[in-house]
Amino acid sequence: MTIKVGDKLPPAVFSKVTEHGPEAVDTASYFAGRKVALFSVPGAFTPTCSAKHLPGFLDKADAFKAKGVDEIACTAVNDAFVLGAWSKGAGAGGAVTMLADGNADFAKAVGLVFDGSKFGMGTRGQRYSMLVEDGVVTQLNIEGPGEFRVSSAEYMLDSM
């Protein structure tokens, strides 16, 4: 079942790279008491993700903060080291937190996976964005296959 606006995020554990190595991040703690703009990409370093999706959120980080967003986070079905390298290469620094969903546990829990096997990618998370307030989804923008429009930073900001 796909998550929808008004639903509480299911329990799941992400991983993020820190200066001390990978760190587990559980959804209950991470999203509690905060407003988080979360977006999902099919994979780090992939064309649309690297050229449009992540850069859009980086460019609009101040606009999100001005609308009361505490943190912008990106998730992908990649390991924490790959997302850490992508963050470094993109200059995401403290603007976007990378949350690795290496086994697609979160993507499966929210019902937003797709089979990228024909592209050699296996199970991946769909492209989407969501606004999460105190663990509850208040905005959800799911892309159609091969599209990039409603999950963009611009679209999300205009919908807030």
Side-chain angles (χ1 to χ4, degrees), residues 1-17 22-44 46 48-49 52-58 60-80 82-83 86-87 92 94-117 121-160:
M1 183 167 88
T2 303
I3 198 161
K4 60 188 180 311
V5 171
D7 287 351
K8 187 167 183 61
L9 288 181
V13 177
F14 294 108
S15 180
K16 72 176 183 177
V17 171
E23 175 183 299
V25 178
D26 71 278
T27 53
S29 301
Y30 185 79
F31 293 96
R34 304 169 5 135
K35 183 188 277 191
V36 179
L38 175 68
F39 67 102
S40 171
V41 297
T46 57
T48 301
C49 306
K52 296 179 182 176
H53 213 167
L54 176 57
F57 280 90
L58 291 173
K60 302 290 184 190
D62 289 340
F64 278 97
K65 300 283 184 202
K67 290 204 175 201
V69 171
D70 298 301
E71 190 155 1
I72 300 170
C74 174
T75 185
V77 179
N78 289 118
D79 64 67
V82 168
L83 287 184
W86 190 40
S87 175
V96 174
T97 301
M98 297 294 180
L99 299 175
D101 187 19
N103 295 322
D105 293 336
F106 180 77
K108 290 172 186 173
V110 295
L112 292 169
V113 294
F114 77 94
D115 182 0
S117 296
M121 296 171 73
T123 299
R124 293 294 174 134
Q126 286 181 244
R127 185 182 305 281
Y128 64 85
S129 65
M130 67 170 68
L131 188 63
V132 181
E133 298 185 47
D134 195 23
V136 176
V137 177
T138 59
Q139 182 186 140
L140 180 61
N141 311 301
I142 304 169
E143 295 288 1
E147 293 182 355
F148 175 69
R149 189 179 57 82
V150 301
S151 65
S152 71
E154 295 80 8
Y155 187 92
M156 187 177 214
L157 278 167
D158 289 345
S159 301
M160 291 175 74

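Predicted model only: the values in this text are computed from it and were never measured.
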When rounded to the nearest 0.5 angstrom, what distance separates [atom1] in [X] from [atom2] in [Y]?
X: Leu140; Y: Ser159; atom1: CG; atom2: OG; value: 11.0 Å
X: Gln139; Y: Leu157; atom1: CD; atom2: CG; value: 8.5 Å
X: Met156; Y: Lys67; atom1: CE; atom2: NZ; value: 11.0 Å

message: Please determine whether side chain to side chain contact (heavy atoms under 4.5 Å, CB included) holds for the pair Val132 and Lys35, giving the CA-CA distance in whole Å, both sets of side-chain angles, and the decisive distance to 0.1 Å.
response: CA-CA 6 Å; Val132 181; Lys35 183 188 277 191; over 6 Å; no
Side-chain heavy atoms of [X] within contact of [Y], under 4.5 Å:
X: Leu9; Y: Val137; result: yes
X: Asp70; Y: Val36; result: no
X: Lys60; Y: Glu154; result: yes
X: Met160; Y: Leu131; result: yes
X: Trp86; Y: Leu54; result: yes
X: Thr2; Y: Ile142; result: yes
X: Glu23; Y: Lys16; result: yes

May I ask you to decide if [Y]'s main-chain N or O and [X]'s side chain share a donor-acceptor pair within less than 3.5 Å?
X: Ser87; Y: Leu83; value: no
X: Ser15; Y: Ala100; value: no
X: Ser29; Y: Asp26; value: no
X: Asp101; Y: Ala107; value: yes
X: Glu143; Y: Ser151; value: yes
X: Arg127; Y: Val41; value: no

- request: Please assess Phe31 against Glu133 for the test side chain to side chain contact (heavy atoms under 4.5 Å, CB included), listing each intermediate value before the final yes or no.
  value: CA-CA 7 Å; Phe31 293 96; Glu133 298 185 47; over 6 Å; no
- prompt: In terms of side-chain heavy atoms, does Ser129 have a donor or acceptor partner in Asn141 at a distance below 3.5 Å?
  reply: yes
Does [X], at its [atom1] atom, have more than 12 non-hydrogen atoms belonging to other residues, nucleotides or ligands within less than 6.0 Å?
X: Asp115; atom1: CG; answer: yes
X: Lys4; atom1: NZ; answer: no
X: Lys65; atom1: NZ; answer: yes

query: Taking the six-membered ring where the residue is Trp, are the ring centres of Tyr128 and Phe39 under 6.0 Å apart?
result: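 Centroid distance Tyr128-Phe39: not below 6.0 Å, so no.
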message: Go through it in stages, so that I can follow the logic: the residues are Phe106 and Leu112, the test is side chain to side chain contact (heavy atoms under 4.5 Å, CB included), and I'd like the CA-CA distance, side-chain angles, deciding distance and then a yes or no.
response: CA-CA 9 Å; Phe106 180 77; Leu112 292 169; over 6 Å; no
Shortest non-hydrogen contact from [X] to [Y]?
X: Thr27; Y: Pro11; value: OG1-CA, 3.5 Å
X: Leu58; Y: Ala95; value: CD2-CB, 3.8 Å
X: Thr123; Y: Val77; value: O-CG1, 3.6 Å
X: Ala80; Y: Val17; value: O-CG2, 2.9 Å
X: Pro10; Y: Ile3; value: CD-CD1, 4.0 Å
X: Asp79; Y: Val82; value: OD1-N, 2.8 Å

query: In terms of side-chain geometry, is the basic nitrogen of Asp105 or Lys108 positioned less than 4.0 Å from the acidic oxygen of its partner?
result: no
message: Does the structure place the NZ or CZ of Arg34 under 6.0 Å from the centre of the six-membered ring of Tyr30, at an angle of no more than 45° from the ring's axis?
response: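 Pair Arg34/Tyr30 counts as cation-pi.
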Evaluation steps, side chain to side chain contact (heavy atoms under 4.5 Å, CB included), between Thr75 and Leu38: CA-CA 7 Å; Thr75 185; Leu38 175 68; 4.1 Å; yes
